[in-house]
Amino acid sequence: MNVHSAKFPITRTLILLALASAVAAQEPAPLSLTLRDAVNLALKQNPQVILANLGVAQSEQGRLVARSGLLPQASGNATEADQRFNIEALLGSPFPGIPEHAGPFQTFQAGVNFSAAVFDLTLWRRYRSAQLGVDASRAGELTAREESVLLVVSQYLGSQRAAADVQSAQSQVDLAQALYDLAADLQRHGVGTGIDTLRANVQLQNNKQRLIMAKTSLDTSLFGLARLLNVDPHRRIELADQVSFFDTPATPVDQTIERAYASRPELRQIATQERQADLALQAAGDARMPRVTVSGAWSQQGLTPDSVIPAYTYQASVNVPIFTGGRIQAERAEADLAIKQLKQQEQDLRNRIALEVKTAIAQLDS
């Protein structure tokens with residue numbers, strides 16, 4: 001009993017140690033990041049930045065689609081058919097000497113069709129609007145990048161502050177532990193009182209609770225940083241930069257606000273959208289203008305591929321809108337309302353930018 005019973009606890013302990021080592025080996029190494037590393041990582045794999053890049057690519061394809069409407073279009077075709085039709089049904093009544101039906105017979109045709117817009121202002125306005133859409137998407141991408149950088153820097157600095165709070169709370173716990181040990185030692189030697197020991201113990205427990213809360217706040221802040229950086233949730237983040245004090249330079253409010261108005265990509269984006277809406281308004285008015293197009297087809301036709309001869313059709317057409325059921329007026333009204341909405345959005349954005357600048361300067365001063 002002595003030998004076998006002693007072996008079982010030892011074996012169980014070895015198995016548990018081996019399992020713990022295997023689990024620890026499977027955990028990914030912590031990701032140590034400086035503030036610069038965090039910003040660069042956010043610009044590479046933040047979901048909002050990636051979506052903004054995809055939006056730019058999508059608007060570029062939309063520009064190519066709008067440009068295709070201005071270019072000539074051509075298509076090839078080849079058909080071979082068997083036909084039989086009722087002549088009396090086509091004429092509406094039987095005629096003497098004319099057979100009831102014709103066929104069956106085969107026909108073969110192969111050739112190309114083409115068309116081109118010679119004069120169509122609406123297509124040109126749509127293409128210009130698509131070009132401005134690319135510019136707006138690029139401004140939106142820059143906005144997403146700056147917002148991502150802003151969030152990451154704010155979260156990183158908040159994590160540094162939370163880490164400093166943890167260090168401060170740990171120091172308070174160490175001090176409270178030393179005071180409690182001193183009070184307990186004085187009580188054992190008959191110099192101190194029980195109330196002093198109890199008071200020191202209560203302070204020690206309070207500081208331990210503050211340490212737990214500080215660690216929780218740090219973990220929560222690091223979780224938020226990992227989400228902004230799109231890091232694997234199973235990988236832990238460590239802060240490589242240390243908090244250091246530096247004097248902030250004086251910043252004039254008026255010059256900073258004007259600089260923000262000139263450089264903020266949100267304002268450039270909304271200005272581009274206003275030009276797009278103005279082009280939509282012009283395009284709605286140009287819909288009343290005539291449209292000139294040329295089209296045609298050239299093919300080889302015959303009863304069999306061996307008996308084909310060239311056949312072609314070329315035509316030019318002018319289309320003048322006369323009555324559109326109120327569509328043009330509605331499109332003009334819709335574009336005009338869009339312009340007014342964008343004007344209000346621009347004013348609201350300017351107010352928000354001014355508030356952000358003033359708030360940031362006040363926080364720097366504090």
Side-chain angles (χ1 to χ4, degrees), residues 2 5-35 37-38 150-229 231-248 359-366:
N2 293 336
S5 61
K7 287 182 178 180
F8 285 115
I10 295 175
T11 304
R12 184 179 302 172
T13 302
L14 292 176
I15 292 174
L16 292 176
L17 289 176
L19 291 175
S21 300
V23 172
Q26 293 177 356
E27 293 181 356
L31 180 61
S32 180
L33 292 174
T34 63
L35 179 58
D37 295 335
L150 174 63
L151 291 175
V152 168
V153 171
S154 177
Q155 193 72 21
Y156 194 96
L157 296 179
S159 299
Q160 284 186 319
R161 180 174 181 176
D165 291 340
V166 171
Q167 294 178 357
S168 175
Q170 183 63 56
S171 300
Q172 293 177 3
V173 169
D174 296 340
L175 176 60
Q177 183 68 53
L179 293 176
Y180 170 72
D181 294 340
L182 177 61
D185 186 65
L186 292 175
Q187 184 181 3
R188 282 195 301 270
H189 290 82
V191 180
T193 62
I195 189 65
D196 294 332
T197 304
L198 179 61
R199 186 181 296 111
N201 188 25
V202 171
Q203 185 64 33
L204 173 61
Q205 300 306 319
N206 289 335
N207 290 336
K208 286 183 177 181
Q209 181 62 31
R210 295 190 185 96
L211 177 60
I212 293 173
M213 295 173 63
K215 289 182 177 180
T216 302
S217 178
L218 175 60
D219 291 340
T220 303
S221 182
L222 291 177
F223 295 157
L225 181 61
R227 178 181 178 274
L228 291 175
L229 300 179
V231 176
D232 183 4
H234 300 92
R235 194 172 186 183
R236 188 164 50 88
I237 291 181
E238 292 181 352
L239 304 180
D241 283 343
Q242 300 296 326
V243 179
S244 59
F245 175 79
F246 60 92
D247 289 328
T248 57
T359 303
I361 293 176
Q363 291 175 347
L364 284 175
D365 292 338
S366 66

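This one's a predicted model, so the numbers in the text were calculated from it and none came from an experiment.
Closest non-hydrogen pair, Gln155 versus Ser221, comes out as NE2-O, 2.9 Å. Of all non-hydrogen atoms in Val152 and Leu229, the two that sit nearest each other are CG2-CD2, 4.0 Å. Minimum heavy-atom separation, Ala162 to Leu218: CB-CA, 3.7 Å. Minimum interatomic distance between Val166 and Ala214 (heavy atoms only, all atoms of both residues): CG2-O, 3.4 Å.
Under the side chain to side chain donor-acceptor pair (under 3.5 Å) criterion, Gln205 pairs with Asn201, not counting sequence neighbours. Residues satisfying the side chain to side chain contact (heavy atoms under 4.5 Å, CB included) criterion with Thr34, sequence neighbours excluded, are Arg36, Asp37, Ala240, Asp241. With sequence neighbours left out, the side chain to side chain donor-acceptor pair (under 3.5 Å) criterion links Thr193 to Asp196. Scored by the salt bridge (charged side-chain N to carboxylate O under 4.0 Å, His left out) test, Arg210 finds no partners at all (sequence neighbours excluded). Remark: Leu198 pairs with Ile195, Val202 by the side chain to side chain contact (heavy atoms under 4.5 Å, CB included) rule, at least two apart or across chains. Scanning for side chain to side chain contact (heavy atoms under 4.5 Å, CB included) contacts around Val153 gives Leu35, Val39, Val149, Leu157, with sequence neighbours left out. In this structure, Ser217 has no side chain to side chain donor-acceptor pair (under 3.5 Å) partners at least two apart in sequence or on a different chain. Under the side chain to side chain donor-acceptor pair (under 3.5 Å) criterion, Asp181 pairs with Gln177, not counting sequence neighbours. Contacts of Ile212 classified as side chain to side chain contact (heavy atoms under 4.5 Å, CB included), with partners at least two apart in sequence or in another chain: Gln209, Thr216.
Using modelled atom types, no side-chain atom of Arg236 and backbone atom of Ala29 make a donor-acceptor pair closer than 3.5 Å. Using modelled atom types, no side-chain atom of Ser168 and backbone atom of Ala164 make a donor-acceptor pair closer than 3.5 Å.
For the atom pair CG (Leu211) and CD (Gln170), the distance works out to 5.0 Å, reported to the nearest 0.5 Å. The structure places CG of Leu225 at 10.5 Å from CD of Gln160, a figure rounded to the nearest 0.5 Å. Atom CG of Asp185 and atom NE2 of His189 lie 5.0 Å apart (nearest 0.5 Å). The distance from the CG atom of Asp219 to the NZ atom of Lys215 is 9.0 Å, given to the nearest 0.5 Å. From Tyr156, atom OH reaches atom CG of Leu222 across 9.5 Å, with rounding to the nearest 0.5 Å. Distance check: Asn207 CG to Leu175 CG gives 8.0 Å after rounding to the nearest 0.5 Å.
Contact check for Leu33 versus Leu239: no side-chain heavy atoms found under the 4.5 Å cut-off.
Around CZ of Arg227, the count of heavy atoms belonging to other residues, nucleotides or ligands within 6.0 Å does not exceed 12.
Sequence neighbours left out, not one pair with a member in residues 171-180 passes salt bridge (Lys or Arg N to Asp or Glu O under 4.0 Å).
Checked by atom type, the side-chain pair Thr197/Gln187 shows a donor-acceptor distance below 3.5 Å.
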